[in-house]
Structures are given as C-alpha cells and as structure tokens.
Number of protein chains: 2
Amino acid sequence: MIRRTPQQPRERGIPDATVARLPLYLRALNGLAERAVATVSSEDLAVAAGVNSAKLRKDLSHLGSYGTRGVGYDVQYLIYQISRELGLTQDWAVAIVGVGNLGRALANYGGFVSRGFRVAGLLDADPEVVGDHIAGLVVEHSDELESVIAKRGVSIVVIATPATAAQAVCDRVIASGVTSILNFAPVVLTVPAGVDVRKVDLSIELQILAFHEQRKVNGGPAVVDEIMGEEWAGEVS
Amino acid sequence: MIRRTPQQPRERGIPDATVARLPLYLRALNGLAERAVATVSSEDLAVAAGVNSAKLRKDLSHLGSYGTRGVGYDVQYLIYQISRELGLTQDWAVAIVGVGNLGRALANYGGFVSRGFRVAGLLDADPEVVGDHIAGLVVEHSDELESVIAKRGVSIVVIATPATAAQAVCDRVIASGVTSILNFAPVVLTVPAGVDVRKVDLSIELQILAFHEQRKVNGGPAVVDEIMGEEWAGEVS
DNA sequence: TCGACTTTGTGCATCACTTCACAAAGGCAC
DNA sequence: GTGCCTTTGTGAAGTGATGCACAAAGTCGA
C-alpha cells in the first residue's frame with residue numbers, strides 16, 4: 001500500500017475503494033462516448049456502471065468538482081479527468097512473462113492497449129514458444145527479462161507463468177527495479193516493502209460463486225455436518 | 001447479493017469479506033498439505049495467505065471452532081471444513097462460453113478442476129473453433145447452449161465471449177435456469193434479481209497498479225493540471 | 001430578471017470490517 | 001496431578017465505507 005506523507009495537507013487522499021471503482025466508471029463513460037452522449041447525470045452513469053448514485057457522486061467528488069449542478073457531467077471531460085487520475089494519460093510499458101493461453105489472452109486483450117498500456121515485451125522460458133509472433137510481438141526468452149525491462153523502460157510486469165516459476169520471476173523483476181507487479185499465478189508472492197503486487201486469481205471468483213450457489217440450492221453447507229465432524233474428530237485426536 | 005432470512009437465529013451469517021478470503025486460506029492450506037504439514041498456527045497460516053493473524057482467526061471463527069488452543073489448526077481438517085463451507089465438496093458442472101485465448105486458458109486452468117469444478121461444456125459461435133479438442137472436450141456451437149446446460153446439469157456458466165455477445169449469452173443462460181454467472185467480458189450485465197453475477201476484469205487491476213505507480217513516480221496525476229483544466233473548461237462551456 | 005426545476009456535492013448517521021488485547025482452553029514437562 | 005506455556009476465540013474499540021437527505025448551485029423558459 002502507498003502511504004500518504006502527512007505533510008501533504010489535503011487533496012491527494014483518494015480511498016482505495018474509490019480507486020478500485022474508477023476503472024468501472026471509465027468503462028461506462030467510454031460506452032456513452034461511443035454512443036455520442038455529451039453529458040450524463042450521476043444517476044444514469046451509476047446505472048451504467050452498476051453502482052448507486054450517491055456512491056458515484058462521492059467517488060467523483062474525491063477527484064474534484066467536475067460536474068455541473070442541474071446538468072450532470074460532461075462525458076469527455078470526465079473521461080479525461082478519471083484517466084488522468086489513474087495515470088492512463090501516460091503510456092505505460094508492460095511486459096508479460098509467461099506466454100501460455102493466459103499470457104496470449106492478455107497480450108491480445110483490447111482493454112490493455114486502449115487504456116494507455118503498451119505491451120512492450122513477451123517472455124517465456126519454453127524454447128518451443130520463443131520466436132512465436134503474438135499481437136505484433138515476437139516472444140523472447142525469459143533470460144532476456146532484465147535487458148527487456150531496462151531497454152524498453154518497462155514499469156509494470158504481468159506474471160502469467162505457472163505457480164512454480166512465479167516467485168523466481170518476481171525476484172528478478174524486482175531486482176531490475178520494477179515496483180508494480182500484476183500476478184496471475186496462484187501463489188502469494190513475497191516482496192520487499194515498496195513493491196506493489198496485485199493478484200488476480202481466476203478460480204477465487206468461481207469459488208465465491210459456488211458458495212452462493214450452494215446456499216441457493218440447499219440453504220447451506222453439506223448436511224453431513226455432524227457425522228463428518230465426528231469422523232474427522234477421530235482422525236485428529 | 002444473498003440476503004439473510006431474519007428468522008434464522010445465528011450461524012449461517014458469514015461476512016462477504018470473509019467468504020472472499022476463504023479461497024485464499026484454502027490455497028495456503030493445500031500448499032502446507034503438499035509439504036506434509038500436519039498442524040499450523042493462525043500466525044503461520046496468516047503469513048502463508050498474506051493476511052494478518054487476527055483477521056484469519058476471526059474469519060475461521062465464523063465457520064466454527066475448528067482449532068485447538070495451544071496447538072493450532074489441523075491442516076487436513078481445516079481444508080475439509082473450508083471446502084465444505086465453500087461448497088467445493090460437491091461437484092459443480094461448469095460451462096464456458098467463448099473459446100478464445102481466455103476461454104482456453106480457463107478450460108486448462110488447474111485451479112478449476114482441482115477444486116470441485118468440472119468443465120462440462122465449451123461453446124463458441126465461431127464455426128472455425130467448433131469441433132476443436134481442448135482440455136479433453138470438443139467445442140460445441142453456441143446454438144447448443146440451452147441443451148448443454150439442461151443435459152449436463154450445468155449450474156455455473158463462465159462468459160468469456162467478446163463484450164458485444166455477453167449480454168445475449170447471459171440472457172439465454174438465465175432463461176435456462178442458471179443463476180450463477182462468472183463474467184470475463186468487459187460489460188456490466190443486466191440480470192433479474194436472484195441471479196448472481198461476479199465479474200473479473202483483467203484490465204481493472206492493471207489500472208489500479210498504474211494509479212499507484214504514478215504516485216510513486218511523480219507524487220500524483222499529471223502536472224499539466226491547471227493548464228489542461230483551462231483548456232477543457234473552454235470546450236465544456 | 002426571476003422563479004421553478006434539476007442535479008451536484010457533502011455533512012451525518014449507519015453499517016461493516018479490521019485490529020487490538022486478553023481471558024479461556026488446552027498441551028506438555030515434570 | 002500441577003503449573004507453565006502456547007495459541008485460540010472473541011468482546012470491544014477503532015477505522016473506513018456506504019447511503020440518506022438536503023442545501024447550494026446551476027439551467028432554462030417566460
């Protein structure tokens with residue numbers, strides 16, 4: 001987590017929960033922009049983004065007063081302001097390590113390029129994959145990791161390797177000075193303070209769904225509760 | 001969101017935040033189990049899962065009293081209890097709609113099969129893709145969606161189609177009686193009450209990283225603040 | 001210019017989650 | 001047994017997010 005310097009009087013203190021929703025608003029706004037909508041009320045934008053309008057207004061108020069009372073928000077202007085706040089008005093060079101199916105999906109993912117992210121490198125340890133052309137890039141060997149990061153000014157690295165390789169890749173990446181890592185490998189990465197790791201686990205959401213689905217079907221966890229409890233108790237003691 | 005029935009006196013009220021972390025604990029526990037660890041303290045498990053130990057204990061206390069004071073938690077027993085709570089002790093048939101790179105990545109993703117999820121169908125609208133063999137399954141045409149869901153008892157559907165197709169697929173899926181949907185397409189799906197949609201947006205986390213990275217580099221959003229503000233103000237009014 | 005109407009921005013109460021800190025519970029050595 | 005030591009489970013306090021409700025600020029028609 002980023003720690004705020006206390007001497008900074010106000011401003012610049014956007015709650016994490018708000019930051020996490022800004023990309024959502026941005027996407028909704030882009031949808032409106034495509035349909036040539038000029039202005040939008042907090043109510044309409046909230047619906048489009050799938051949140052409640054009071055929350056949306058409070059979130060936006062953290063960025064500044066960019067709305068017009070009685071009218072709403074100028075779509076283009078708000079897109080610009082949110083993009084700027086998120087740092088998407090500048091160009092970020094991203095390297096993707098691990099070019100399996102997931103790595104390929106990410107390399108081809110429109111949501112990256114369209115939002116200030118430029119895939120500047122694709123790396124894999126498998127000689128079979130090295131040399132492949134994907135999304136206009138040639139896959140390079142993992143050995144090149146350090147030099148790719150240095151030469152192309154990579155500031156964010158995406159790890160899409162198998163779980164076993166992730167920590168080693170992570171260590172090398174950090175040694176190269178990168179402090180922002182997006183981890184798709186199902187492991188908890190150990191990193192020094194000052195390095196930001198965000199994790200996406202494709203199966204976690206599915207497990208949460210299963211939890212809710214189970215409640216719908218039979219109102220709670222397996223009925224074998226007591227019996228199994230006994231069985232297990234036996235094994236334990 | 002699932003709403004609790006008020007007449008249910010206690011138990012069965014696990015906070016969402018806790019549910020979201022259970023998969024994390026489960027993965028850490030599986031790691032320990034592989035290394036043949038028999039028992040683990042809340043402190044050690046918390047480190048392995050990347051959370052604080054008080055939080056972990058409180059989370060686990062919502063499931064019941066499964067620890068032993070002075071000793072810790074029995075790894076196997078806790079794996080079983082968490083799995084049961086999440087509904088992973090039963091077998092869930094999952095269908096994946098949209099077999100692009102992402103769909104393939106998901107179909108091959110070990111985290112699914114190993115946790116009670118069985119990929120029971122792969123569907124795509126592209127005739128080019130239909131008939132391909134992926135992860136031991138044959139890709140079927142989207143037209144078969146309803147019959148696949150019905151015949152194979154699919155209760156969770158994963159949408160990995162392009163954004164434009166997502167809502168239509170979603171509607172058909174719901175019409176077939178499915179109430180749990182995991183959406184990877186970058187759109188807000190509109191669904192009736194009672195249907196659970198969870199969303200994974202691969203680019204959101206990247207945008208959050210960019211936000212923090214920007215702060216590290218230059219302490220905040222673009223320095224052109226005032227100037228751009230003026231420019232835009234001109235356009236707006 | 002004025003008044004009716006719309007919509008923002010925000011103070012405040014509420015709710016949910018987190019963290020602390022410690023009593024209660026059990027294991028283990030002697 | 002007995003007492004020490006470890007670790008859990010949980011009240012209680014603290015922190016942060018949410019949602020309500022409304023005053024302030026703006027638009028627009030007459």
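Source: prediction; values computed, not measured. Chain naming here is simple, since letters A, B, ... match the order of the sequence lines and numbering starts at 1 in each.
Of the candidate nucleotides dC17(C), dG27(C), dC20(C), dC17(C) has the atom lying nearest to any side-chain atom of Ala17(B). The Asn52(B) side chain lies nearest to dT19(C) when the options are dC20(D), dT8(D), dT19(C).
A distance-only check finds no donor-acceptor pair linking the side chain of Glu43(A) to the backbone of Ser53(A) [under 3.5 Å]. Between the side chain of Gln214(A) and the backbone N or O of Glu85(B) there is at least one donor-acceptor pair closer than 3.5 Å.
For the OP1/OP2 pair of dT6(D) and a distance below 4.0 Å, the side-chain nitrogens and oxygens of Tyr73(B) include no atom meeting the criterion. In this structure, Ser41(A) does not reach the dT7(C) phosphate: none of its side-chain N or O atoms is under 4.0 Å from OP1 or OP2. The phosphate of dG9(C) has OP1 or OP2 within less than 4.0 Å of a side-chain N or O from Ser65(A). Checking the phosphate oxygens (OP1, OP2) of dT18(D), a side-chain nitrogen or oxygen of Arg21(A) falls inside 4.0 Å.
A donor-acceptor contact closer than 3.5 angstrom is absent between the side chains of Ser180(A) and Asp196(A). Checking Asp171(B) against Gln167(B) by side-chain atom types alone, a donor-acceptor pair falls below 3.5 Å.
Under 3.5 Å, the side chain of Arg69(B) and the base of dT7(D) form no donor-acceptor pair of N or O atoms. Under 3.5 Å, the side chain of Lys58(A) and the base of dG19(D) form at least one donor-acceptor pair of N or O atoms.
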